[in-house]
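Reading through the structure tokens given below for one structure.
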There are 2 protein chains.
Amino acid sequence: METVAPFPYRDPSELLRRARLRPTRQRLALARLLFAGGPRHVTAESLFAEAQTANVRLSLATVYNTLHQFTEAGLLREVVVDSSCTYFDTNVSEHHHFFHEDQGVLTDIDGEEVNIHALPAAPEGTKISRVDVIIRLSGQK
Amino acid sequence: METVAPFPYRDPSELLRRARLRPTRQRLALARLLFAGGPRHVTAESLFAEAQTANVRLSLATVYNTLHQFTEAGLLREVVVDSSCTYFDTNVSEHHHFFHEDQGVLTDIDGEEVNIHALPAAPEGTKISRVDVIIRLSGQK
DNA sequence: CGTTTATTTATAATAATTCTAAACTATTGA
DNA sequence: TCAATAGTTTAGAATTATTATAAATAAACG
Ligand SMILES: [Mn+2]
Ligand SMILES: [Mn+2]
Ligand SMILES: [Zn+2]
Ligand SMILES: [Zn+2]
């Protein structure tokens, strides 16, 4: 019986090649951390800490550079939920979020679980680049 | 024929009294700027600039203090759309936003124009404190 | 009034992020 | 294989929105 992996694992080198980014030690390590498991949400600081723990030696500046390069390449997307800190999401497909305000944690909501009925038209001369739905939660767990 | 004001004008002194904040020159001036016209969205910097132009002498620290005090009193609400800058909204009733990304401008969407059908349940032990819908726009106007 | 308490503000501190420029590394194509 | 080139990393400085500090000022209250 075949099981479908919970997340399409992408070979880090392949991924960097496609993004036209040189496969440096730092980028490979970050790609592994980001994409080897299931979908996740990180901040520059959280990913940096994780790299340290995994004994990957790199600078925080490289983490920022890489997160932005990956975002530009469409491998990540930014989620704005907190004005003091930028979150990056490895799930780039259309979906919305719970934001656990007490813990500063983002979790995904399945695409079908939020249904926006009656979206207003974009004003003259503009086009909708994205619709973000953030359900802010308070309380434990 | 009576016309309904587009926004319930609130007497600044009355407003401060109800919020249990002393009616200082600075707060009165900011309350006037914020609530005398129609609903609006400001940043600390934009409101500070406006005060300067109106020859109200106050410090930027007072603008920040006042925006937070007004928010705590329920006269304003924060809107998170841009990780580099905090927006405050004089419209505290339930509604959603267009965010004009090129200009950094927020505009209101009427409550009825967005209809979320099928909102997921809050995870165990949490409660929904707010649902934010941001329609991000690119392009002129 | 005079005393108490809240407010304002200049200024310093903080913190996330970006910038700079020098050192390092991957790629390329003779 | 190797030098030249172009891209990458990084320490450290700079930036920027925001918050903290603490002294001066103003409002409230009896
Ligand atoms: Mn952070
Ligand atoms: Mn701002
Ligand atoms: Zn997500
Ligand atoms: Zn609004």
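Proteins come first, then strands; the chains are lettered A, B, ... in the order of their sequence lines, and each starts at number 1. Computed over heavy atoms, backbone and side chain alike; hydrogens, waters and symmetry mates excluded. Note that the coordinates shown come from a computational prediction; the quantities given were computed from them, not determined experimentally.
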Quiz item: Rounded to whole angstroms, how far apart are CG on A/Leu60 and C1' on D/dG12?
Solution: 12 Å
Quiz item: Is any side-chain N or O of A/Gln26 closer than 4.0 Å to OP1 or OP2 of D/dT10?
Solution: yes
Quiz item: So among A/Asp110, A/Val133, A/Asp89, A/Val114, which one has a side-chain contact (heavy atoms from CB on, under 4.5 Å) with A/His95?
Solution: A/Asp89
Quiz item: Over how many whole Å does the gap from B/Leu30 atom CG to C/dT7 atom P extend?
Solution: 14 Å
Self-check item: Heavy-atom neighbours of B/Arg130 CZ exceed 12 at 6.0 Å
Solution: yes
Exercise. Taking only the side-chain heavy atoms of A/Pro23 (C-beta and beyond), determine which of D/dA11, D/dT18, C/dA26 contains the nearest atom.
Key: C/dA26
Practice problem: Using atom types as modelled and distance alone, determine if a side-chain donor or acceptor of B/Thr66 lies under 3.5 Å from a backbone N or O of B/Thr62. | Solution: yes
Self-check item: Phosphate-side-chain proximity, A/Arg25 and C/dC24, N/O vs OP1/OP2 below 4.0 Å
Solution: no
Quiz item: Can you name the closest pair of heavy atoms from A/Glu45 and A/Leu60 and give their distance?
Solution: OE2-CD2, 3.7 Å
Quiz item: Can you find a side chain N or O atom of A/Arg20 that sits less than 4.0 Å from OP1 or OP2 on D/dG7?
Solution: no
Practice problem: Between C/dT17, D/dT10, D/dA17, spot the one nearest the side chain of A/Ser59, thanks. | Solution: D/dT10
Practice problem: Starting from C1' on C/dT9, measure out to CZ on B/Phe48 and report it in whole angstrom. | Solution: 11 Å
Self-check item: Side-chain N,O (A/Ser84) to OP1/OP2 (D/dT18) below 4.0 Å
Solution: no
Practice problem: Check the distance between D/dA27's C1' and B/Leu28's CG and give it to me in whole angstrom. | Solution: 12 Å
Quiz item: Does a nitrogen or oxygen in the side chain of B/His68 sit under 4.0 Å from OP1 or OP2 of D/dT19?
Solution: yes
Quiz item: Once the angle between the rings of A/His117 and B/His117 is folded into 0 to 90°, is it parallel (under 30°), tilted (30 to 60°) or perpendicular (over 60°)?
Solution: tilted
Quiz item: Hey, is the side chain of B/Thr62 poking within less than 4.0 Å of OP1 or OP2 on C/dT9, counting only N and O atoms?
Solution: yes
Quiz item: Is the distance from OP1 or OP2 of C/dA6 to the nearest side-chain N or O of B/Gln69 less than 4.0 Å?
Solution: no
Practice problem: Verify the contact: side-chain N or O of B/Arg22 to OP1 or OP2 of D/dA28, cut-off strictly under 4.0 Å; return yes or no. | Solution: no
Self-check item: First encountered from the 5' end of DNA chain C, between B/Ser83 and B/Thr24
Solution: B/Thr24
Quiz item: Counting only side-chain N and O atoms of A/Tyr64, is one of them less than 4.0 Å from OP1 or OP2 of C/dT18?
Solution: no
Self-check item: Nucleotide C/dT18, atom C1' - distance to CD of A/Glu45 in whole Å
Solution: 14 Å
Self-check item: Protein-nucleotide distance (A/Leu16, atom CG; C/dT25, atom P), rounded to Å
Solution: 17 Å
Quiz item: Which nucleotide in the set C/dT17, C/dT9, D/dT18 lies at the smallest distance from any side-chain heavy atom of B/Ala61?
Solution: C/dT9
Practice problem: Return yes when atom CD of B/Glu72 has more than 12 non-hydrogen atoms of other residues, nucleotides or ligands closer than 6.0 Å, and no otherwise. | Solution: no
Quiz item: Separation of B/Arg27 atom CZ from D/dA26 atom P, in whole Å?
Solution: 14 Å
Quiz item: Can you tell me how far P of C/dT27 sits from CG of A/Leu21, to the nearest Å?
Solution: 11 Å
